[in-house]
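Report on the following structure.
In what follows, residues are counted from 1 in the order of the sequence shown. Note that the structure is a prediction, hence the values are computed from the model and not measured.
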Amino acid sequence: MTEATRTAGGAAGPSLDIAEVGAGIAANIGRVVQGKDDVVRLALVVLLAEGHLLIEDVPGVGKTTLAKALAASVDATVRRIQFTPDLLPSDVTGVAVYDQESRAFEFKPGAIFANIVVADEINRASPKTQSALLECMEERQVTVDGVSYELARPFMVMATQNPLEMEGTYPLPEAQRDRFTARVSMGYPGREAELAMLDERATADPLTSLSPVADAATVRDLVEAVGTLYVSDAVRRYVVGLVEATRRSPHLRLGASPRAGLQLLRAARASAALAGRDHVLPDDVQQLAAPVLAHRLLLTADAALGRRSTEQVVAELLSTVPVPRGR
């Protein structure tokens, strides 16, 4: 079983079982998000990979509920930003305000200064406001008037997005989508889960009853431990092979970036840790290939006309790239 043996400051401390802590967080989220175990697990993978999650689906299927449930399960600072067409970049990052008493500019932090940021309906904001997240998500800092301010760790953006066919949405630019570790679709709940929802939410919101089962320091320890999991040279080559295959695919006009390979490996480490292993298997990479790679790819015109999806292209590439054997 994988264990983390460091505190956030690097000193030796009580061991933390990654799989056990992860199972506790997942069970807590499952009290609210029912019948979506795979989606909940992917959210945990992204959290432990120190990445960001894009949740895409039609309104009303629980995108924001999933983000809020994860935030409520970790005792850390949480901010929610409702993205609208009139939202300004300074509303997200903060602004320098002139103080007449001190005769100096004082920085007023924006909503991005939190451990977990719920960016609701991110594609309803203008591209100018969306771009305010680029530096935050990649470098985990905010630069205002030439001064950089670090963001707290852990830092995770959980963004919800409506399908582009819906009215009043702006497509996320390629650079923005590439900063999301993974994309997930909630889908409609099963019949039993939807019946249970009708009973449980008739009089109260179950989110209000959720209590944290982990804190920010624990998550930092788990993230550090996940980064030390063993990855064989064969598995590394497998990741690079998959990324390179997207760049050669005749169905794609834009393949995966080097950042995609880095985040695929980080996510595979987190998945292995949640499974209780201290090493990454090719299976971990295969299971996460579509969620991590598909949203970064752009189809050719012919592939789009043929109603081919990027998920289908990734699945086809998985069948062509040789899988390494053993650890």
Would [X] and [Y] pass as an ion pair if we require N to O under 4.0 Å?
{"X": "D178", "Y": "R259", "result": "yes"}
{"X": "D99", "Y": "R103", "result": "no"}
{"X": "E139", "Y": "R179", "result": "no"}
{"X": "D120", "Y": "K63", "result": "no"}

(request) Tell me, yes or no, whether the heavy-atom count around D38 atom CG, taken from other residues, nucleotides or ligands under 6.0 Å, exceeds 12. (result)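 Atom CG in D38 is not crowded, with 12 or fewer foreign heavy atoms closer than 6.0 Å.
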
Which residue pairs satisfy the ring pair (Phe, Tyr, Trp, His ring centres under 6.0 Å) criterion with at least one member in [range], sequence neighbours excluded?
{"range": "residues 41-65", "value": "H52-F155"}
{"range": "residues 55-87", "value": "none"}
{"range": "residues 233-254", "value": "none"}

Minimum heavy-atom distance between [X] and [Y], given as atom pair plus value:
{"X": "V292", "Y": "A260", "value": "CG1-O, 4.1 Å"}
{"X": "P291", "Y": "L288", "value": "CD-O, 3.3 Å"}
{"X": "S148", "Y": "T143", "value": "OG-OG1, 2.9 Å"}
{"X": "S185", "Y": "V39", "value": "O-CG2, 4.0 Å"}
{"X": "A268", "Y": "V280", "value": "CB-CG1, 3.8 Å"}
{"X": "P154", "Y": "A216", "value": "CD-O, 3.7 Å"}

Considering only heavy atoms from C-beta outward, does the side chain of [X] approach that of [Y] to under 4.5 Å?
{"X": "V21", "Y": "D17", "value": "no"}
{"X": "R237", "Y": "D233", "value": "yes"}
{"X": "M156", "Y": "V46", "value": "yes"}
{"X": "R308", "Y": "V313", "value": "yes"}
{"X": "Q176", "Y": "I122", "value": "yes"}
{"X": "L274", "Y": "L44", "value": "yes"}
{"X": "H279", "Y": "S232", "value": "no"}
{"X": "V239", "Y": "L242", "value": "no"}

State whether the side chain of [X] and the backbone N or O of [Y] hold a donor-acceptor pair below 3.5 Å, judged by distance alone.
{"X": "D57", "Y": "M186", "answer": "yes"}
{"X": "R31", "Y": "L207", "answer": "no"}
{"X": "T181", "Y": "L53", "answer": "no"}
{"X": "R183", "Y": "L54", "answer": "no"}
{"X": "Q312", "Y": "S309", "answer": "yes"}
{"X": "T310", "Y": "A294", "answer": "yes"}

[X] side, atom [atom1]; [Y] side, atom [atom2] - distance, nearest 0.5 Å:
{"X": "E316", "Y": "S249", "atom1": "CD", "atom2": "OG", "answer": "7.5 Å"}
{"X": "K128", "Y": "L87", "atom1": "NZ", "atom2": "CG", "answer": "12.0 Å"}
{"X": "R307", "Y": "L299", "atom1": "CZ", "atom2": "CG", "answer": "12.5 Å"}
{"X": "D91", "Y": "T129", "atom1": "CG", "atom2": "OG1", "answer": "7.5 Å"}
{"X": "Q287", "Y": "L281", "atom1": "CD", "atom2": "CG", "answer": "9.5 Å"}
{"X": "R80", "Y": "T160", "atom1": "CZ", "atom2": "OG1", "answer": "8.0 Å"}

Report yes or no: do [X] and [Y] form a side-chain donor-acceptor pair below 3.5 Å?
{"X": "D215", "Y": "T218", "result": "yes"}
{"X": "Q141", "Y": "E150", "result": "no"}
{"X": "E121", "Y": "Q82", "result": "yes"}

Who are the side chain to side chain donor-acceptor pair (under 3.5 Å) partners of [X], not counting sequence neighbours?
{"X": "S131", "value": "none"}
{"X": "S271", "value": "R41"}
{"X": "T300", "value": "none"}

Under 4.5 Å side-chain linkage, directly or through intermediates, the cluster mates of [X]:
{"X": "L298", "answer": "L254"}
{"X": "V97", "answer": "V95"}
{"X": "F105", "answer": "Y98"}

(request) Please assess E50 against R269 for the test salt bridge (charged side-chain N to carboxylate O under 4.0 Å, His left out), listing each intermediate value before the final yes or no. (result) CA-CA 11 Å; E50 208 171 13; R269 276 191 165 114; over 6 Å; no

(request) For F113, enumerate each residue passing the ring-ring contact (aromatic ring centres under 6.0 Å, His included) test, keeping only those at least two apart in sequence or located in another chain. (result)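 By the ring-ring contact (aromatic ring centres under 6.0 Å, His included) rule, F113 matches F107.
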
Kindly list each side-chain donor-acceptor pair under 3.5 angstrom involving residues 67-78, sequence neighbours excluded, with atom names and distances?
unit_1	atom_1	unit_2	atom_2	d
S73	OG	N28	ND2	3.0
S73	OG	A69	O	2.8
T77	OG1	N115	N	2.8
T77	OG1	N115	OD1	2.9

(message) Hydrophobic cluster membership, with links at side-chain heavy-atom distances under 4.5 Å among I/L/V/M/F/W/Y: are L48 and V213 in one?
(response)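 Result: yes, single cluster for both.
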
(request) Check the pair R277 / D284 against salt bridge (charged side-chain N to carboxylate O under 4.0 Å, His left out), numbers first and verdict last. (result) CA-CA 11 Å; R277 284 183 274 106; D284 298 314; 2.8 Å; yes

(request) Could I get the full list of salt bridge (charged side-chain N to carboxylate O under 4.0 Å, His left out) partners for R247, not counting sequence neighbours? (result)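 Scan of R247 (salt bridge (charged side-chain N to carboxylate O under 4.0 Å, His left out), adjacent residues dropped) gives none.
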
